[in-house]
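Here the structure is laid out as structure tokens; the discussion comes afterwards.
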Protein chains: 2
Amino acid sequence: MDLQNTQSQMRKGVLEFCILSIIQKGEVYPSDIAQQMKAANLHILEGTLYPLLTRLKNAGYLSYRWVESVTGPPRKYFVMTEEGKQAYDILFNTWQEMATAVSTLTKEQTNLFNNESTSAE
Amino acid sequence: MDLQNTQSQMRKGVLEFCILSIIQKGEVYPSDIAQQMKAANLHILEGTLYPLLTRLKNAGYLSYRWVESVTGPPRKYFVMTEEGKQAYDILFNTWQEMATAVSTLTKEQTNLFNNESTSAE
DNA sequence: ATTTAGTACTTGGTGATACATAGTACTAAA
DNA sequence: TTTAGTACTATGTATCACCAAGTACTAAAT
């Protein structure tokens with residue numbers, strides 16, 4: 001176990017949520033997403049992003065259309081489905097609740113549990 | 001893929017961090033930790049908690065001592081090592097940076113990237 | 001004394017998924 | 001025709017939460 005791995009795990013947990021958030025704001029193709037994630041300091045690699053988008057699409061949260069490009073092969077432009085929007089709203093709540101819980105837990109404070117009943121006999 | 005799984009992934013990413021935070025506040029044994037996590041709405045099961053503590057101990061972040069109990073088998077009481085404190089501080093920063101990044105990303109706002117250069121030709 | 005219930009810790013198997021790496025395919029310019 | 005840049009795909013590996021079953025200890029009930 002190393003710290004980088006733990007940090008990676010932390011980031012991993014919110015990848016889907018962040019990507020749904022980006023797509024919710026407008027039609028994008030994978031490189032747009034990678035760019036925005038990078039700008040937010042949440043780097044994501046091709047080998048992670050593409051399978052993740054496929055999973056989200058298979059789950060019915062996304063749909064896409066092929067769009068020709070002059071600079072290379074065609075691009076998959078993704079948009080959110082109604083189902084995806086609902087899922088995003090739920091994840092948004094989940095995130096907020098979790099962020100609140102973690103902030104509370106990690107605040108420096110006298111903790112109720114430590115002051116009673118847990119001392120060894 | 002279902003939503004519960006995604007929510008579980010989100011929680012998974014911060015488990016180690018939260019547990020380190022709890023141990024940092026004082027000597028505890030696994031049931032204390034589970035109880036505090038539950039109180040924070042971040043439930044953790046035995047099959048998750050015990051291996052995780054073993055990993056953290058093997059990484060040098062924790063040490064423990066056996067303490068007899070009158071109500072059952074002896075308990076492993078965990079405390080943090082110096083190395084563990086340093087790791088915790090790093091994870092604390094990681095968490096804060098990530099939480100900020102996610103909040104920024106998921107805020108409803110006109111995004112710079114969507115307004116230029118990403119439209120298809 | 002033996003059984004039962006409660007508590008504490010351990011172990012093995014499964015599934016989900018990020019990551020690393022390599023590969024395919026398309027366009028445009030040298 | 002080759003090279004470089006871009007876009008998408010596929011495979012193998014490692015990590016880790018979860019599930020389920022198991023071991024072990026104590027105290028109370030029978």
Side-chain angles (χ1 to χ4, degrees), chain A residues 1-20 27-35 37-38 42-59 62 64-78 98 117-118 120-121, chain B residues 1-20 27-35 37-38 42-59 62 64-78 98 117-118 120-121:
Chain A
M1 169 190 301
D2 63 14
L3 261 186
Q4 278 195 317
N5 190 9
T6 302
Q7 294 174 312
S8 172
Q9 289 288 329
M10 217 185 259
R11 202 177 61 246
K12 174 176 171 176
V14 297
L15 278 187
E16 273 183 25
F17 173 52
C18 290
I19 285 165
L20 284 175
E27 197 178 30
V28 285
Y29 80 106
S31 292
D32 290 330
I33 298 172
Q35 200 180 356
M37 291 294 280
K38 190 177 172 187
L42 294 162
H43 303 260
I44 186 169
L45 302 176
E46 285 191 327
T48 301
L49 181 56
Y50 285 99
L52 198 158
L53 290 169
T54 301
R55 285 202 305 277
L56 291 171
K57 182 231 142 202
N58 289 340
L62 306 178
Y64 67 83
R65 61 189 181 101
W66 285 100
V67 176
E68 300 287 320
S69 162
V70 289
T71 64
R75 299 163 172 176
K76 272 187 178 175
Y77 274 80
F78 288 89
M98 200 194 71
S117 81
T118 60
E121 299 85 327
Chain B
M1 170 192 301
D2 64 14
L3 262 186
Q4 277 194 318
N5 193 0
T6 303
Q7 294 174 312
S8 172
Q9 288 290 328
M10 215 185 261
R11 202 176 60 246
K12 174 176 171 177
V14 298
L15 278 187
E16 273 184 25
F17 173 51
C18 291
I19 285 166
L20 283 175
E27 196 177 30
V28 286
Y29 80 106
S31 292
D32 289 330
I33 297 173
Q35 201 180 355
M37 291 293 281
K38 190 177 172 187
L42 294 163
H43 303 259
I44 186 169
L45 302 176
E46 283 191 330
T48 301
L49 181 57
Y50 285 99
L52 197 158
L53 290 170
T54 301
R55 286 201 306 275
L56 291 172
K57 180 232 146 203
N58 290 340
L62 306 177
Y64 67 83
R65 62 190 180 100
W66 285 100
V67 176
E68 301 288 318
S69 164
V70 290
T71 64
R75 301 164 172 176
K76 271 187 179 175
Y77 274 79
F78 288 89
M98 200 194 72
S117 79
T118 60
E121 295 87 329

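Heavy-atom basis, side chains included; hydrogens, waters and symmetry copies ignored. First the proteins, then the strands, lettered A, B, ... as listed; each starts at 1. Nothing here was measured: the structure is a model prediction, and the numbers come from that model.
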Mind checking the [atom1]-[atom2] spacing from [X] to [Y]? Nearest 0.5 Å is all I need.
X: A:K76; Y: A:W66; atom1: NZ; atom2: CH2; result: 5.0 Å
X: B:F78; Y: B:L56; atom1: CZ; atom2: CG; result: 8.5 Å
X: B:L52; Y: B:I44; atom1: CG; atom2: CD1; result: 5.5 Å
X: A:M37; Y: A:Q35; atom1: CE; atom2: CD; result: 13.0 Å

Inset, instruction - State which residues pass side chain to side chain donor-acceptor pair (under 3.5 Å) with B:Q7; sequence neighbours excluded, sorted by chain then number. - result: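 Checked B:Q7 against side chain to side chain donor-acceptor pair (under 3.5 Å); matches are A:T94.
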Legend entry - Distance-minimising heavy-atom pair for A:L42 and A:C18: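 Closest approach of A:L42 to A:C18, heavy atoms only: CD1-SG, 3.8 Å.
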Which nucleotide wins on minimum distance to the side chain of [X], given the candidates [options]?
X: B:E16; options: D:dC16, D:dC8, C:dA16; value: D:dC16
X: B:P73; options: D:dA24, D:dC18, C:dC9; value: D:dA24
X: B:K12; options: D:dC16, C:dC19, C:dA8; value: D:dC16

Legend entry - Closest-nucleotide ordering on DNA chain C, the 5'-leading residue of A:P74 and A:R11: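 That would be A:R11.
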Legend entry - Contact nearer the 5' end of DNA chain C, comparing A:G13 with B:G47: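 With A:G13 and B:G47 compared, the 5'-side residue is B:G47.
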Under 4.0 Å between any heavy atoms, over every strand shown, what does [X] touch: base, sugar-phosphate, or nothing? Just pick one.
X: A:S31; answer: sugar-phosphate
X: A:E46; answer: base
X: A:P51; answer: nothing

Legend entry - Donor-acceptor pair, side chain of B:S8 and main chain of B:Q4, under 3.5 angstrom: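 No; zero donor-acceptor contacts below 3.5 Å.
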Legend entry - Side-chain donor or acceptor of A:D32 paired with backbone N/O of A:Y29 under 3.5 Å: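 Yes; at least one donor-acceptor contact below 3.5 Å.
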Reckon [X] has a side-chain N or O less than 4.0 Å from the OP1 or OP2 of [N]?
X: A:Y50; N: D:dC8; result: yes
X: A:T48; N: C:dC19; result: yes
X: B:N5; N: C:dT17; result: yes
X: B:R75; N: D:dT26; result: no

Inset, instruction - Using both pair distances under 3.5 Å as the test, note the stems of at least 3 consecutive Watson-Crick or G-U pairs that include DNA chain C. - result: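 Stems for DNA chain C, defined as runs of 3 or more consecutive pairs: C:1-30 with D:1-30.
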Listing time: all N or O pairs from protein to nucleotides 28-30 of chain C that are below 3.5 Å?
unit_1: C:dA28; atom_1: OP1; unit_2: A:V70; atom_2: O; d: 3.4

